[in-house]
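Once you've had a glance at the structure underneath, I'll fire off some questions.
We're numbering straight along the sequence, starting at 1.
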Amino acid sequence: MNELRFDWFPSLSSSVMDERVQLVVDALLESYKAGRGVPSKESYTTIYTPITRQILSSLYQSYNSYKSVSFPLHPRHYGGKNLQNIKFSFRHTKDVYNKLLELNWIVVTAEGVENQNVTRVAATGDLEQAFKEWGLRWMLPELLPEQDCVELRDVVRNTDGTARRTGKKKKTKKIHLAVPETKEVQQQRQRLTWINNKLRQHCISIDLSNENLLKLEEELAKGGEADEDNYRSLHLQRVQLTRIFSRGDMHLGGRFYRGWWQHLPGKHRPHIRIDGKKTIEVDYSGIALRIIYALNNIPFKTEDDPYDIGLKQWTGKSDIRRKPLKRTVNALI
């Protein structure tokens with residue numbers, strides 16, 4: 001399965017998307033009747049708008065790849081203490097889902113089976129026609145909430161602390177943990193929010209012909225099943241990053257994930273464009289070691305080789321010992 005869960009896509013904003021969202025919200029509130037103890041129409045609008053935008057955004061982005069999105073239809077997938085759950089209300093999400101079915105804007109492509117597969121849906125009818133007319137266009141992604149910029153993960157473990165592996169493929173199961181509220185975490189969130197706000201305001205795309213895009217999609221699909229971090233299709237709106245610490249420790253991991261370009265095979269990276277402009281990859285020799293020197297206020301000449309540790313007959317970058325030495329040093333770092 002390469003369908004992503006609908007809430008894993010960025011929520012998009014543009015004049016055409018806003019218009020479609022409003023049509024659904026208006027349809028949901030057609031039969032609204034005010035009364036004692038009944039929330040106001042404005043309250044329902046506030047609830048339904050982000051849910052509708054999220055669903056339509058996911059359908060639009062998946063339309064240009066695998067067509068379908070994963071759509072859980074059981075309350076256990078929503079709210080509660082499980083950090084992996086969908087953050088929207090199940091009841092209100094189901095209201096939007098049913099209205100989209102009623103409008104003939106979505107079609108079920110696969111029925112969910114209890115404790116096995118999740119229902120998958122795709123755009124159809126008037127909504128599918130709208131997506132065709134829109135084409136592949138840039139839309140402003142909603143800024144990722146600061147709280148979601150940093151995640152703490154682990155895997156299910158045995159009593160002895162080893163990772164529990166199950167099934168024929170002996171896979172581990174990821175779990176989300178609560179992120180400790182520290183000044184360091186607050187600073188990490190603030191910095192990444194600033195970065196994400198810059199990233200989302202630019203069109204980061206890939207310049208390939210339709211034929212080569214299809215070949216790339218096929219190549220990505222061979223990578224295995226898609227999940228929240230490793231998706232096997234091009235979703236060009238996923239430009240914001242999340243810092244994920246692994247193994248249940250805020251000092252382990254901490255890499256940045258979820259930029260669509262991170263899963264792009266190296267041979268295709270020269271085709272990445274930012275606002276239509278070509279990109280290059282800058283390679284700094286021994287950057288990790290140079291940063292360590294700088295952190296300790298130790299001067300280090302630009303022309304010096306950071307991997308020259310005094311071995312006899314060292315010939316610099318052409319030395320056959322340099323590559324294994326570099327690998328060892330960086331593993332130690």
Side-chain angles (χ1 to χ4, degrees), residues 1-17 20 53-71 105-107 109-110 118 120-142 144 196 198-242 256-282:
M1 290 195 316
N2 285 288
E3 296 88 351
L4 296 177
R5 204 170 74 182
F6 78 91
D7 62 312
W8 291 345
F9 291 84
S11 184
L12 306 176
S13 180
S14 72
S15 58
V16 290
M17 180 64 74
R20 286 280 158 175
R53 184 180 302 280
Q54 181 64 56
I55 296 172
L56 294 189
S57 295
S58 69
L59 290 167
Y60 170 65
Q61 291 167 78
S62 66
Y63 176 77
N64 293 295
S65 53
Y66 281 93
K67 306 297 183 184
S68 301
V69 296
S70 171
F71 207 110
W105 280 17
I106 60 171
V107 62
T109 59
V118 174
R120 296 190 286 281
V121 299
T124 190
D126 186 48
L127 185 62
E128 182 181 19
Q129 183 59 39
F131 289 169
K132 285 181 182 178
E133 293 172 2
W134 297 357
L136 189 59
R137 64 170 71 186
W138 181 85
M139 297 185 188
L140 181 66
E142 183 180 279
L144 187 70
N196 282 337
K198 297 297 182 183
L199 287 172
R200 76 188 185 106
Q201 295 179 52
H202 297 277
C203 178
I204 306 175
S205 60
I206 185 164
D207 185 16
L208 291 176
S209 66
N210 289 342
E211 181 183 356
N212 286 327
L213 275 173
L214 287 173
K215 288 180 180 178
L216 175 56
E217 288 280 11
E218 291 172 1
E219 187 178 344
L220 291 172
K222 293 176 182 177
E225 291 188 4
D227 61 29
E228 190 174 2
D229 305 318
N230 304 304
Y231 42 100
R232 302 302 175 186
S233 185
L234 278 179
H235 295 290
L236 300 180
Q237 305 283 2
R238 289 183 59 140
V239 298
Q240 298 184 74
L241 305 174
T242 301
F256 299 96
Y257 292 89
R258 297 179 186 162
W260 69 262
W261 56 88
Q262 292 177 293
H263 298 284
L264 193 67
K267 63 183 179 182
H268 297 295
R269 289 179 184 171
H271 301 289
I272 293 176
R273 301 289 184 266
I274 301 177
D275 295 335
K277 297 178 181 179
K278 289 184 178 181
T279 58
I280 60 171
E281 184 177 356
V282 179

(Q) If the test is side chain to side chain contact (heavy atoms under 4.5 Å, CB included), which one of Val121, Ile106, Leu59, Thr109 qualifies with Ser68? (A)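 In the set Val121, Ile106, Leu59, Thr109, the residue that makes a side chain to side chain contact (heavy atoms under 4.5 Å, CB included) with Ser68 is Thr109.
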
Practice task
Indicate the atoms forming the closest heavy-atom contact of Leu241 with Gly259, along with that distance.
Solution key: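 Closest approach of Leu241 to Gly259, heavy atoms only: CD2-N, 3.7 Å.
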
Please enumerate all residues that pass side-chain contact (heavy atoms from CB on, under 4.5 Å) together with Glu211, with sequence neighbours excluded.
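Checked Glu211 against side-chain contact (heavy atoms from CB on, under 4.5 Å); matches are Ser209, Lys215.
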
With distance as the sole test, does Thr279 use its side chain to make a donor-acceptor pair with the main-chain N or O of Ile272 at under 3.5 Å?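 Yes; at least one donor-acceptor contact below 3.5 Å.
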
TODO: Determine yes or no for a side-chain-to-main-chain donor-acceptor pair under 3.5 angstrom, with Glu142 supplying the side chain and Ser13 the backbone.
DONE: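 Looks like no, no N/O pair under 3.5 Å.
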
Notebook entry, point to check: Rounded to the nearest 0.5 Å, how far does OG of Ser57 lie from CE of Met139?
Noted result: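 Nearest 0.5 Å value for the CE-OG distance: 7.5 Å.
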
Going by the rule side-chain hydrogen bond (donor to acceptor under 3.5 Å, both in side chains), which residues pair with His202 if we only count those two or more places apart in sequence or in a different chain?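 For His202 the side-chain hydrogen bond (donor to acceptor under 3.5 Å, both in side chains) partners, ignoring immediate neighbours, are Asp275.
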
How long is the span from the CZ atom in Arg269 to the CD atom in Glu281, to the nearest 0.5 Å?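 Here the interatomic distance stands at 7.0 Å.
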
- Query: Taking only residues two or more places apart in sequence or in another chain, which ones pass ring pair (Phe, Tyr, Trp, His ring centres under 6.0 Å) with Phe9?
  - Reply: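 Result, ring pair (Phe, Tyr, Trp, His ring centres under 6.0 Å) vs Phe9: His235.
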
Legend entry - Closest non-hydrogen atom pair between Lys267 and Pro270, with its separation: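 Result for this residue pair: O-CD, 3.5 Å.
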
Pairing residues for Gln201 by the side-chain hydrogen bond (donor to acceptor under 3.5 Å, both in side chains) criterion, not counting sequence neighbours =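 For Gln201 the side-chain hydrogen bond (donor to acceptor under 3.5 Å, both in side chains) partners, ignoring immediate neighbours, are Asn197.
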
Could you tell me whether a side-chain N or O of Arg200 sits under 3.5 Å from a main-chain N or O of Pro141, the two making a donor and an acceptor?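 Yes, because the side chain of Arg200 sits within donor-acceptor range (under 3.5 Å) of the backbone of Pro141.
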
Mind checking side-chain contact (heavy atoms from CB on, under 4.5 Å) for Thr124 and listing every partner two or more places apart, or none if nothing turns up?
->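 With neighbours one apart ignored, the set is Asn104, Val107, Glu128.
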
Practice problem: Kindly compute the distance separating CD (Glu219) from CG (Leu264), expressed to the nearest 0.5 Å. | Solution: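 One finds 8.5 Å between CD of Glu219 and CG of Leu264.
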
Measure the CG-CZ distance between Leu136 and Phe131 for me, rounded to the nearest 0.5 Å.
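It is 12.5 Å, given to the nearest 0.5 Å.
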
Checklist entry - Looking only at heavy atoms, which two atoms of His268 and Leu216 are closest? And how far apart? => result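 Between these two residues, the closest heavy atoms are CD2-CD1, 3.4 Å.
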
- Report the residues that fulfil side-chain contact (heavy atoms from CB on, under 4.5 Å) with Asp126, sequence neighbours left out, ordered by chain and then residue number.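 With sequence neighbours excluded, Asp126 shows a side-chain contact (heavy atoms from CB on, under 4.5 Å) to Arg20, Trp105, given in chain and number order.
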
Just how far is it from atom CG of Leu236 to atom CD1 of Ile204, taken to the nearest 0.5 Å?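 Output value for this atom pair is 9.5 Å.
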
* To do: Check whether any side-chain heavy atom of Val16 lies under 4.5 Å from a side-chain heavy atom of Arg137, and answer yes or no.
  =>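 Yes, their side chains come closer than 4.5 Å.
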
Quiz item: Just wondering, do Asn212 and His271 contact through their side chains at under 4.5 Å, heavy atoms?
Solution: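 A side-chain contact is absent here, since even the closest heavy-atom pair is not under 4.5 Å.
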
Calculate, to the nearest 0.5 Å, the distance between atoms CZ and CD belonging to Arg258 and Gln240 respectively.
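With rounding to 0.5 Å, CZ (Arg258) is 11.0 Å from CD (Gln240).
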
Discussion item. For a side-chain contact (heavy atoms from CB on, under 4.5 Å) check, start with the C-alpha distance between Val118 and Arg5, then their side-chain angles and the critical distance, and finish with the verdict.
Written reply: CA-CA 9 Å; Val118 174; Arg5 204 170 74 182; over 6 Å; no

For Arg238 versus Pro10, what's the shortest heavy-atom pair and its separation?
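Looks like CG-CD, 3.6 Å.
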
